[in-house]
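None of the values given here were measured: they were computed from a predicted structure. The figures here come from the full heavy-atom set of this structure, side chains too, leaving out hydrogens, waters and symmetry mates.
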Amino acid sequence: MSQRTRAQERIDEIDISPTKLLADIERLTGELEASQAKAEEYLAGLQRERAEFANYRRRTAEEREAILALADDFDLAIEARPEAIAADPWVEGVAAIDRKLRALLESEGVKQIDASPGTPFDPREHEAIATVPSAEHGEGEIVDEIRRGYRLRDRVVRPALVAVAAPTSEAADATSIN
């Protein structure tokens with residue numbers, strides 16, 4: 001009596017009839033098509049979400065820039081007010097609106113970047129748009145702030161536009177001698 005192994009018994013149990021194989025193929029083909037349809041649905045959803053997120057980022061950047069432009073306009077109005085009307089209540093009202101806007105920005109985590117004259121130039125926070133010879137300021141120090149810059153918590157949302165001190169002709173002569 002020959003003894004059959006467990007593997008041989010399993011082989012005998014497998015149904016390899018053509019009708020069974022065709023049924024398995026049809027079932028697997030249906031599962032594949034359903035999986036492909038689901039994958040296409042997920043891909044379309046992902047593409048929609050990416051487009052919506054890109055639109056959201058663009059919209060928030062535009063809104064942020066509009067708010068910062070409004071703050072800039074208030075700065076210009078207050079700095080350019082004529083001395084003759086400086087004590088006028090209307091001017092004080094405009095200054096009060098500016099203070100409220102600044103308080104709102106600070107409450108949201110928006111802070112002004114320090115770009116006062118004498119501050120060292122930092123390319124992460126400042127954008128130099130001019131170099132100016134200056135006897136009062138050392139090379140690489142900010143001479144003038146052209147437009148305020150802002151930071152949202154730790155991230156720079158708009159660098160400050162500044163004029164930076166260039167080396168004076170005496171300093172340039174001294175470095176060329178050495």
Side-chain angles (χ1 to χ4, degrees), residues 28-83 85-86 88-134 136-168 171-172:
L28 292 172
T29 302
E31 288 176 12
L32 175 64
E33 289 171 356
S35 294
Q36 287 174 335
K38 192 70 109 173
E40 288 174 8
E41 178 184 333
Y42 290 154
L43 178 61
L46 174 65
Q47 289 170 336
R48 272 192 307 279
E49 289 299 318
R50 281 186 175 170
E52 287 178 21
F53 184 67
N55 288 336
Y56 166 77
R57 287 180 61 181
R58 179 189 47 78
R59 236 183 358 263
T60 56
E62 288 172 357
E63 290 169 357
R64 179 177 49 240
E65 192 55 40
I67 291 168
L68 296 180
L70 178 66
D72 290 341
D73 291 345
F74 270 110
D75 288 342
L76 290 173
I78 291 169
E79 290 170 7
R81 71 178 172 238
E83 285 298 318
I85 65 167
D88 189 285
W90 181 85
V91 174
E92 276 305 309
V94 171
I97 294 170
D98 181 54
R99 286 190 299 273
K100 285 181 182 179
L101 175 61
R102 299 284 167 199
L104 174 65
L105 289 173
E106 282 198 25
S107 72
E108 293 297 321
V110 176
K111 300 226 185 300
Q112 182 178 328
I113 292 173
D114 182 21
S116 55
T119 304
F121 175 77
D122 182 351
R124 294 170 296 187
E125 295 183 335
H126 308 118
E127 183 176 334
I129 60 170
T131 54
V132 183
S134 173
E136 308 91 61
H137 299 286
E139 180 181 354
E141 288 183 359
I142 295 174
V143 174
D144 190 23
E145 179 181 48
I146 312 304
R147 184 187 74 189
R148 286 188 177 161
Y150 295 93
R151 171 186 295 114
L152 177 62
R153 292 172 195 79
D154 294 335
R155 199 175 118 241
V156 173
V157 291
R158 186 177 82 181
L161 296 182
V162 296
V164 180
T168 60

Novice: Which heavy atom of Pro159 sits nearest to which heavy atom of Arg147, and what is that distance?
Specialist: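 So the minimum-distance heavy-atom pair works out to O-NH2, 3.6 Å.
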Novice: With a 4.0 Å cut-off on N to O distance, would you call Asp75 and Arg148 a salt bridge?
Specialist: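 Judged by the 4.0 Å cut-off on N to carboxylate O distance, Asp75 and Arg148 do form a salt bridge.
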Novice: So how far is it from Glu52 CD to Arg59 CZ, rounded to the nearest 0.5 Å?
Specialist: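 Answer for the CD-CZ pair, Glu52 versus Arg59, is 9.0 Å.
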Novice: Quick one: closest heavy-atom pair of Arg102 and Tyr150, and the distance?
Specialist: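 The pair with the smallest heavy-atom distance is NH1-OH, 2.7 Å.
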Novice: Kindly check if the number of other-residue, nucleotide or ligand heavy atoms within 6.0 Å of CG (Asp154) is above 12?
Specialist: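 Count not over threshold, so no.
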Novice: How long is the gap from CG on Asp98 to CG on Asp73, to the nearest 0.5 Å?
Specialist: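 So the gap between those two atoms works out to 10.5 Å.
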Novice: Could you go step by step and tell me if Asp144 and Ile142 meet the side chain to side chain contact (heavy atoms under 4.5 Å, CB included) rule?
Specialist: CA-CA 6 Å; Asp144 190 23; Ile142 295 174; 5.8 Å; no
Novice: Quick one: does Glu141's side chain have a donor or acceptor within less than 3.5 Å of a partner on Gly138's backbone?
Specialist: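 Between the backbone of Gly138 and the side chain of Glu141 there is a qualifying donor-acceptor contact (under 3.5 Å).
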Novice: Take a 6.0 Å sphere around CZ of Arg58 and say whether it holds more than 12 heavy atoms from other residues, nucleotides or ligands.
Specialist: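 Buried by this count: over 12 neighbours within 6.0 Å.
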Novice: Locate the shortest heavy-atom distance separating Val143 from Ala165; write the atom from each residue and the value.
Specialist: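 Looks like CG2-N, 3.4 Å.
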Novice: Looking at Arg158 and Arg64, would you say the former's side chain and the latter's main chain have a donor-acceptor pair under 3.5 Å?
Specialist: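 It does not hold such a pair.
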Novice: Could you pull out the closest heavy-atom pair between Ala163 and Val132, with the gap in Å?
Specialist: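 Looking at all heavy atoms of both residues, the shortest contact is CB-CG2, 3.9 Å.
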Novice: Atom CZ in Phe121, atom NE2 in His137: separation rounded to 0.5 Å?
Specialist: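 If I round to the nearest 0.5 Å, the distance is 15.0 Å.
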Novice: Looking at Asp114 and Ser116, would you say the former's side chain and the latter's main chain have a donor-acceptor pair under 3.5 Å?
Specialist: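 Yes; judged by distance alone, with no hydrogens or angles, the pair exists.
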Novice: Run the side chain to side chain contact (heavy atoms under 4.5 Å, CB included) test on Val162 and Ile129 for me, step by step, so that the C-alpha distance in whole Å, both residues' side-chain angles and the decisive distance to 0.1 Å come before the verdict.
Specialist: CA-CA 6 Å; Val162 296; Ile129 60 170; over 6 Å; no
Novice: Let me confirm one number: the CZ-CH2 distance from Arg81 to Trp90, rounded to the nearest 0.5 Å.
Specialist: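 These two atoms lie 11.0 Å from each other.
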Novice: Can you name the closest pair of heavy atoms from Glu145 and Ala160 and give their distance?
Specialist: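 Smallest interatomic distance, heavy atoms only, reads OE2-CB, 4.3 Å.
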Novice: Do any N or O atoms from the side chain of Arg124 and from the backbone of Val156 form a donor-acceptor pair under 3.5 angstrom?
Specialist: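 Here the side-chain-to-backbone pair does not exist.
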Novice: Kindly compute the distance separating CZ (Phe74) from CG (Leu101), expressed to the nearest 0.5 Å.
Specialist: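 The distance works out to 6.5 Å.
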Novice: Could you give the distance from CG (Asp122) to CD (Glu127), rounded to the nearest 0.5 Å?
Specialist: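 CD of Glu127 is found 13.0 Å from CG of Asp122.
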Novice: Has Thr119 got a side-chain atom pairing as donor or acceptor with Ala115's backbone, closer than 3.5 angstrom?
Specialist: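 No, Thr119 side chain to Ala115 backbone: no donor-acceptor pair under 3.5 Å.
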Novice: Closest heavy-atom contact between Leu152 and Glu108?
Specialist: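 Closest pair (atom of Leu152, atom of Glu108, distance): CD1-O, 3.5 Å.
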